[in-house]
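Report on the following structure.
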Amino acid sequence: MTPDQIQVLRLLCDTVVPAVDEPGDTDGFWARRATDLGVDRAVLAALAPGQHDAIGALLDVLAGQGFRSAPPVRREQILAALGPPVTPLISLILLLTYGLTDAGGGNPNWARLGYPGPAGPVPPADPPAITPLRPEGDLELDADVVVIGSGAGGGLIAGRLAAAGARVVVLEAGRYHTEADFDQGELAAYRRCYRRGGPTPTADANVTLMAGSGLGGGTVINWTNCIRTTPRVRGQWAGHGLSDIPTLSFDQHLDAVWRELSVTDHCSEFNPAHEAMQRGAAALGWSFATAYRNWDEKRHDPALAGHLGFGDPSGAKRSTLKVYLEPAVTEHGARIVDGCRAERILVEQHRAAGVVGHWTSADGARRATVTVRAPIVVLAAGALESPGVLLRSGIGGPAAGDHLRLHPCTVTLGDYGTDMRGWWGPPQAALVNEFAAAEDGHGFLIESVQYSTGLGASAIPFSTGAGHKQVMAGYRGYASFIGLVRDRGHGRVTLDAAGETTAWYALDDELDVRNSRRAIEAQIRLHHAAGARGVRVLGHGLAPWTAGEDLEAFIARAREIPLRAGGAVLFSAHQMGSCRMGADPATSVADPRGELHDTPGVWIGDGSAFPTASGTNPMITIMALASRTAANISGSARG
């Protein structure tokens, strides 16, 4: 960055989070600027190497608009005129302002937000059970099975096949972390355990993606909401050729996973946000359910559970890392290479022959090529990365990367005027499933979310610095609900010029649009029935509702908010379908058993295999489908 660009960046930070003259500012919240916290330096440190030029160009555009000499009001007008191109940078500034921590692990803004910071005491961590292979130079391995990815699907398949006697190698692009690494810090968790360092927009900026990265994948940082595959979805998948899915044979896989994960509803305490959801549902006569969670009751601490999306320091979470991968290594000799990005699948005589990957040390100082020779390849890198491996390998057929489903989520905040203590207790302890099949087997769930100061602040649309601070000043009184839509439409994953995956998604299917608008309305009515004194839909250009105003008029305005960049704020923590199974090679990547149509020996083992969106938190479905795929692989090997 040039000195002029850095000056503009500093002005931008303090335009987004300015000093505001407010009487009674006893904790300095109103007077504190973003640069007082070093956010300008943190922005530069957070940028990936390839992003500096793009951000520098954006800062030059601001300078060309007179940003450096403009008064604060004019600077806000310049940002409003630029619109979506500057929104990601504004969101990053807000994320850092409210998420950065000092040497003591705190942030001075948290006092106003009512957030006490990391919970304690934390029990002593178990010693690491796995020692991943760390190459000293280029490495070649032989195996019966090589598994790319170690999340809900890949971790289970690796465990199943290793227990059956196969020589298994797992290649994981992320790193191995245990309870001792989890300090309950939000920004550290994004860097450590999330794909591409945390929240990442799709290429068209329509949806913000949240996906796990590390040994154990998303199961290490998801919110443990366990829902079995619905009969409706199972019947639909049978129509794609997966004829056993509606039968007792798939029930056996579901039951096995449920049992192995120790799924329970005994550790789902309600914080005030869940109590509001229950209260509102009762007033409206809507169905309401306590969540089942994959959790060790003996290690349960509801205070620590409130931070489980940043990694669970208690050791209570029954992730694939604990349930399947650790026994695969310690009892059955499986080998793990973490920090290894799978480049391509090796194919010889039209069959799988192994995988070539690139390993990088945690400090980035050492690199090596890792080649695993194996007749069976399980691709389970997640629905955002699995299609990239196929596309780089030139296999998978015309559907590789297509049919990406995201369960796009709209977000609302209810202002209850009292401390909602959203940081305490499991993030998703309950849900409303009244509208799960609103139309044609598609609908939405209403759920709660993980409490976060940084991501929460960045998701609240910015219009003025003082206005955003005003919203954050009331943060402790908010309860957040999401409307999770089972999407019929779909997006696509492609490769960029560097061979990296790029996700594209437009929420424009007419049924999905109707259900998203229904979800927004239902969330508003739920907050209102629960006694909220105000409701805010996270979206640009929509003023919040306040008690005493016309609720129906507000709902009508909220239903018209555009479902895209510059309109509603949309999130996705569930990515599915980009390498889907089916009977037709023109519209699916793998056959109904899970093996590629065009390359025998390559199997799809993650949520990318879903023929359609599941309509529920997908972990249990991914794992049951992976259990089925592992059985099919074993049967194929015996055959």
Side-chain angles (χ1 to χ4, degrees), residues 141-171 237-238 240-254 256-257 320 324-325 328 332-335 342 344-355 372-381 386 389-390 393 395-397 399-400 579-585 588-611 621-639:
L141 300 170
D142 287 318
D144 299 317
V145 180
V146 54
V147 181
I148 302 170
S150 60
L156 182 147
I157 291 174
R160 286 273 200 273
L161 296 182
R167 296 176 304 140
V168 174
V169 172
V170 178
L171 303 181
W237 288 7
H240 286 260
L242 286 69
S243 57
D244 60 311
I245 295 295
T247 70
L248 289 175
S249 66
F250 192 66
D251 283 329
Q252 293 174 349
H253 294 294
L254 286 165
V257 166
T320 57
Y324 302 106
L325 288 168
H332 306 296
R335 291 166 289 176
R344 68 184 190 280
I345 295 170
L346 298 174
V347 178
E348 295 176 359
Q349 297 180 342
H350 307 291
R351 290 192 57 87
V355 177
V372 183
R373 294 282 178 179
I376 296 174
V377 175
V378 177
L379 180 54
S386 284
V389 178
L390 294 179
S393 305
I395 59 176
C579 303
R580 68 179 185 166
M581 296 192 295
D584 184 356
S588 62
V589 169
D591 66 24
R593 301 173 305 124
E595 190 173 26
L596 255 62
H597 291 294
D598 65 1
T599 312
V602 179
W603 298 74
I604 304 299
D606 58 18
S608 71
F610 285 15
T621 299
I622 292 173
M623 297 176 76
L625 202 63
S627 178
R628 170 186 183 269
T629 301
N632 289 339
I633 292 171
S634 294
S636 176
R638 287 193 298 270

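Values below: every heavy atom of this structure, side chains too, minus hydrogens, waters and symmetry copies. Sequence positions, counted from 1, serve as the residue numbers for this chain. Predicted model only: the values in this text are computed from it and were never measured.
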Separation of Ser150 OG from Leu171 CG (nearest 0.5 Å): 10.0 Å
Flag if over 12 foreign heavy atoms under 6.0 Å of CZ, Arg344: no
Closest contact, heavy atoms only, Pro592 versus Leu242: O-CG, 3.8 Å
Distance, nearest 0.5 Å, that separates CG of Leu156 from CD1 of Ile622: 11.0 Å
Test item: Thr629 and Ile157 side chains (from C-beta on) under 4.5 Å apart, heavy atoms: yes
Min side-chain heavy-atom separation Ser386-Ile604 under 4.5 Å: no
Distance-only side-chain donor-acceptor flag, Arg160 / Ser627, under 3.5 Å: yes
Inter-residue atom distance Leu596.CG - Trp603.CH2, 0.5 Å rounding: 10.0 Å
Interatomic distance, Leu346 atom CG to Thr599 atom OG1 [nearest 0.5 angstrom]: 12.0 Å
Contact summary for Thr621 and Phe610, nearest pair of heavy atoms: CG2-CZ, 3.5 Å
Non-hydrogen side-chain atoms of Ile148 and Val378 separated by less than 4.5 Å: no
Pair Ser588, His597: side-chain N/O donor-acceptor within cut-off below 3.5 Å: yes
Contact check, side chains of Val589 and Met581, non-hydrogen atoms, under 4.5 Å: no
4.5 Å side-chain heavy-atom contact, Val147 and Val169: no
Set of salt bridge (Lys or Arg N to Asp or Glu O under 4.0 Å) partners for Asp142, sequence neighbours left out: none
Phe250 side, atom CZ; Leu625 side, atom CG - distance, nearest 0.5 Å: 5.5 Å
For Asp244, all residues meeting salt bridge (Lys or Arg N to Asp or Glu O under 4.0 Å), sequence neighbours excluded: Arg628
Min side-chain heavy-atom separation Ile376-Ile633 under 4.5 Å: yes
Min side-chain heavy-atom separation Met623-Thr320 under 4.5 Å: yes
Close side-chain approach of Ile345 and Leu390, heavy atoms under 4.5 Å: yes
Qualifying salt bridge (charged side-chain N to carboxylate O under 4.0 Å, His left out) pairs, either residue in residues 588-608, two or more places apart: Asp591-Arg593, Arg593-Glu595
Heavy-atom pair of closest approach, residues Ala334 and Ala162: CB-CB, 4.3 Å
Heavy-atom closest contact (Ala583 atom, Gly241 atom, distance): CB-CA, 4.5 Å
Distance, nearest 0.5 Å, that separates NE2 of His253 from CG of Leu248: 11.5 Å
